[in-house]
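What follows is one structure encoded as structure tokens, with my remarks underneath.
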Amino acid sequence: AKLGDVAGATLWAERLGQLDLAPDKVSYTALIDSCAKLGDTASAARWLDAMTSSRLHPDEIAFNAVISGCARAGDGAAAERTLAAMAAAALAPNTVTYNSLISGCANA
């Protein structure tokens, strides 16, 4: 995969499953962060959901990656939905969370 290649990263993650290896929290978070940084917030959110479905518990870093990506993309509604999901997961927003939300408002 080349830099900025979300599809390539996705293929490698899927390859893990084909080898009966499951992505771990670090793998999922890397995928989430990569998708979010490249502006593919829908994929970032899907990977966050996949992480939860695999019985791994996303941490603040994973949620913040999605929130930050949504904020950069100007999708305040998605950022707020992710913030609500973070709260539902019993995780408290931190400085990074609020900085992302503030930046998103400034970029709206």
Side-chain angles (χ1 to χ4, degrees):
K2 62 184 178 193
L3 290 176
D5 183 7
V6 172
T10 300
L11 287 173
W12 282 112
E14 291 170 352
R15 180 80 173 129
L16 280 171
Q18 294 168 355
L19 297 171
D20 289 328
L21 301 170
D24 61 9
K25 188 180 278 194
V26 173
S27 301
Y28 275 114
T29 302
L31 282 163
I32 292 164
D33 189 53
S34 296
C35 292
K37 284 182 177 171
L38 292 169
D40 188 351
T41 56
S43 290
R46 277 194 302 276
W47 281 113
L48 185 68
D49 290 341
M51 184 177 187
T52 302
S53 296
S54 72
R55 299 186 184 184
L56 293 174
H57 301 287
D59 58 14
E60 293 88 347
I61 296 168
F63 278 102
N64 284 340
V66 177
I67 291 169
S68 178
C70 292
R72 275 195 307 273
D75 191 349
E80 288 181 15
R81 282 192 304 275
T82 306
L83 179 64
M86 184 179 188
L91 295 171
N94 58 27
T95 304
V96 173
T97 311
Y98 287 110
N99 285 343
S100 295
L101 293 166
I102 291 166
S103 294
C105 290
N107 294 328

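- Using a distance-only test at 3.5 Å, with no hydrogens or angles considered, no donor-acceptor pair links the side chain of T29 to the main chain of V26.
- Between the CD1 atom in I61 and the NZ atom in K25 there is a gap of 8.5 Å [rounded to 0.5 Å].
- With values rounded to the nearest 0.5 angstrom, F63 atom CZ is found 8.0 Å from I67 atom CD1.
- Taking SG from C35 and CZ from R46, the interatomic distance works out to 8.0 Å, rounded to the nearest 0.5 Å.
- The heavy-atom pair separating S100 from A71 by the smallest distance is O-CB, 3.2 Å.
- Contact between E60 and A92 at its shortest, heavy atoms only, is CG-O, 3.9 Å.
- The side chain to side chain donor-acceptor pair (under 3.5 Å) search around S68 returns R72, not counting sequence neighbours.
- Follow the hydrophobic side-chain contacts under 4.5 Å out from V66 and you never reach L38; the two are in separate clusters.
- S27 and D24 form a side-chain donor-acceptor contact under 3.5 Å, judged by distance and modelled atom types alone.
- Note that CG of L56 is 11.0 Å distant from CG of L48, once rounded to the nearest 0.5 Å.
- Residues satisfying the side chain to side chain donor-acceptor pair (under 3.5 Å) test with D75, not counting sequence neighbours, are none.
- Atom CD1 of I32 is separated from atom OG1 of T41 by 12.5 Å, given to the nearest 0.5 angstrom.
- Separating the OG1 atom in T52 from the OH atom in Y28 is a distance of 9.5 Å, to the nearest 0.5 Å.
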